[in-house]
2 protein chains.
Amino acid sequence: MKILVADDDLDLLGLVAYSLSQAGYLVIKASDGPGALAAFDAESPDLVILDINMPGTSGFEVCTAIRARGDVPVMMLTARGEEQDLVKALDLGADDYLTKPFSPKTLLARVKALLRRSTAERAQAPLAAGRVTLDIENYTVRIANNPPIALTKLELRLLQMLLAQAGRAVNSDRLLVQVWGHRGSGDRQLLKQLVHRLRHKIEANPAVPQLLQTAAPSGYKLVVD
Amino acid sequence: MKILVADDDLDLLGLVAYSLSQAGYLVIKASDGPGALAAFDAESPDLVILDINMPGTSGFEVCTAIRARGDVPVMMLTARGEEQDLVKALDLGADDYLTKPFSPKTLLARVKALLRRSTAERAQAPLAAGRVTLDIENYTVRIANNPPIALTKLELRLLQMLLAQAGRAVNSDRLLVQVWGHRGSGDRQLLKQLVHRLRHKIEANPAVPQLLQTAAPSGYKLVVD
DNA sequence: TCTTCTTGTTACCGGTTTATAACCACGCCG
DNA sequence: CGGCGTGGTTATAAACCGGTAACAAGAAGA
């Protein structure tokens, strides 16, 4: 998870960045408004933390600009007792705010909550690579421009795993665990069957697979080109 | 918009309720945990404001119970300097919190932000989509220009959930939780029956559903054209 | 209280999906 | 050549799922 932090107070910036990176987040720093926007465009972070009081371009303007670009969650930082700011920030579309001073613990808790919420909202984007498009919601695949093909639960999961590593071979044991869970590990027959059925669905000629190919020495890969 | 407020401090409860109702919200009050849950089930509010420190059932427990029933936004109230509580509350799935004492202005700003976010998330779950119009007050649906059809409580909730995601498939487990709460989770038979009964009410030919269709491999969707 | 409507429970049917087993073809290596 | 491991295929059994019916339990209203 990538987090953009913008604050002109370099001490605070360093502290916030340190706390976040300790917690495993990748942090991008900016010390003014224009810098924050440039970094936003370059890095497309998953979350933005903005100080309201920055010289030049204020946090408000940056927030507005970010809102215009998409729905990345934005957290505003404000000095204590500036309720005006807070109301304005939330009206501009900020998702949360923190009043300085705050503890790293609080920061992390709020960041975590925001990220959880936003990833939960997305979650349902179609997964695609090359000519293969997977519609997880409707349990269908679409190859090139052909009509969508209905999939079963297991077929979907197998394709999902292969698509995530599109073009590269995925080990059989790994697939077994990912599709069936640990229960099925070691049972190659399950995978054989599933591949067989899936090929009959998605391949023009199942005997000579173009998409779902066998990869030596023990695995499969999805060729998407 | 309906807001449920639960606090054992009756002065504060009154103050909060007054501020909110002045702002045009419909307020339901509760002074303890069990009362809050009962009111929640009876009124299905759009937002819940919970004091953490209540005698008997704590705000945490109430919060957990509400999370289990759906994704209504929850705001927690906590006394200053209780960061443990705050972290715990957010981990339990609370969406926001306020530290006492707070001004009515702050309260309203946060409430507004939470409600805006949740309604945006729900993709403005309306009472109507395409030719299907749901009258929640009167427990009726209207299909195209036909006369309204009376619904039971469960039928209404099911339609409400499907209508909110009109056209898209909704997972059975999700429906079970949303309609029955966690109690019914895992019991597909309940859903089967409800769908069956509902189809007999709203479909011209229940055997070939045009509106309430089965979505592979485990869900239903409302087709509204 | 009695009656009616709603909801929950159990059972069964037919279809699909998944699991299990057996068999074949192929390449590898002694 | 012949065992052995691998992947592909076929066949069959078991599990699961959705739809339906019938009935019991519960809630609501007269």
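Naming convention: chains lettered A, B, ... in sequence-line order (proteins, then strands); numbering from 1 in each chain.
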Quick one, A/Leu107 with A/Leu20, criterion side-chain contact (heavy atoms from CB on, under 4.5 Å). Give me CA distance, side-chain angles, the key distance, then yes/no. CA-CA 9 Å; A/Leu107 174 72; A/Leu20 291 173; 4.2 Å; yes
In whole Å, I'd like the distance from the [atom1] atom of [X] to the [atom2] atom of [N].
| X | N | atom1 | atom2 | result |
| --- | --- | --- | --- | --- |
| B/Leu190 | D/dT20 | CG | P | 17 Å |
| A/Tyr139 | C/dT16 | OH | P | 19 Å |
| A/Leu191 | D/dG7 | CG | P | 9 Å |
| A/Leu198 | C/dT17 | CG | C1' | 14 Å |

Is it the case that more than 12 heavy atoms not belonging to [X] sit under 6.0 Å from its [atom1] atom?
| X | atom1 | result |
| --- | --- | --- |
| A/Lys221 | NZ | no |
| B/Lys2 | NZ | yes |
| A/Arg174 | CZ | no |

Would you tell me if any nitrogen or oxygen in the side chain of B/Trp180 comes within less than 4.0 Å of OP1 or OP2 on C/dT7? no
Give me the distances for all protein-to-nucleotides 17-19 of chain D N/O pairs that come in under 3.5 Å?
residue : atom : partner  : partner atom : Å
D/dG18  : OP1  : B/Pro217 : O            : 3.3
D/dG18  : N7   : B/Lys192 : NZ           : 3.2
D/dG19  : OP1  : B/Arg199 : NH1          : 2.8
D/dG19  : OP1  : B/Arg199 : NH2          : 3.4
D/dG19  : OP1  : B/Thr214 : OG1          : 2.6
D/dG19  : OP2  : B/Tyr220 : OH           : 2.8
D/dG19  : N7   : B/Lys192 : NZ           : 3.2
D/dG19  : O6   : B/Lys192 : NZ           : 2.7

Donor-acceptor pair between A/Arg157 and A/Gln160 side chains, under 3.5 angstrom: no
Using distance alone, with no hydrogens and no angle criterion, decide if B/Ser218 and B/Arg188 have a side-chain donor and acceptor under 3.5 Å apart. yes
Under 3.5 Å, is there a donor-acceptor pair between the side chain of B/Lys29 and the main chain of B/Ala6? no
Please check: side-chain N/O of A/Arg67 versus main-chain N/O of A/Val72, any donor-acceptor pairing under 3.5 Å? yes
Inter-end axis angle, the helix from C/dT1-D/dA30 to C/dG30-D/dC1, with every axis fitted to five base pairs (rounded, 10 degrees): 30°
Mind checking B/Gln193 for me? I need base, sugar-phosphate or nothing, with any heavy atom below 4.0 Å counting as a touch. base
Base, sugar-phosphate or nothing for A/Leu154? Non-hydrogen atoms, less than 4.0 Å. sugar-phosphate
Among C/dT9, C/dT18, C/dT6, the one nearest any side-chain atom of B/Thr152 is C/dT6
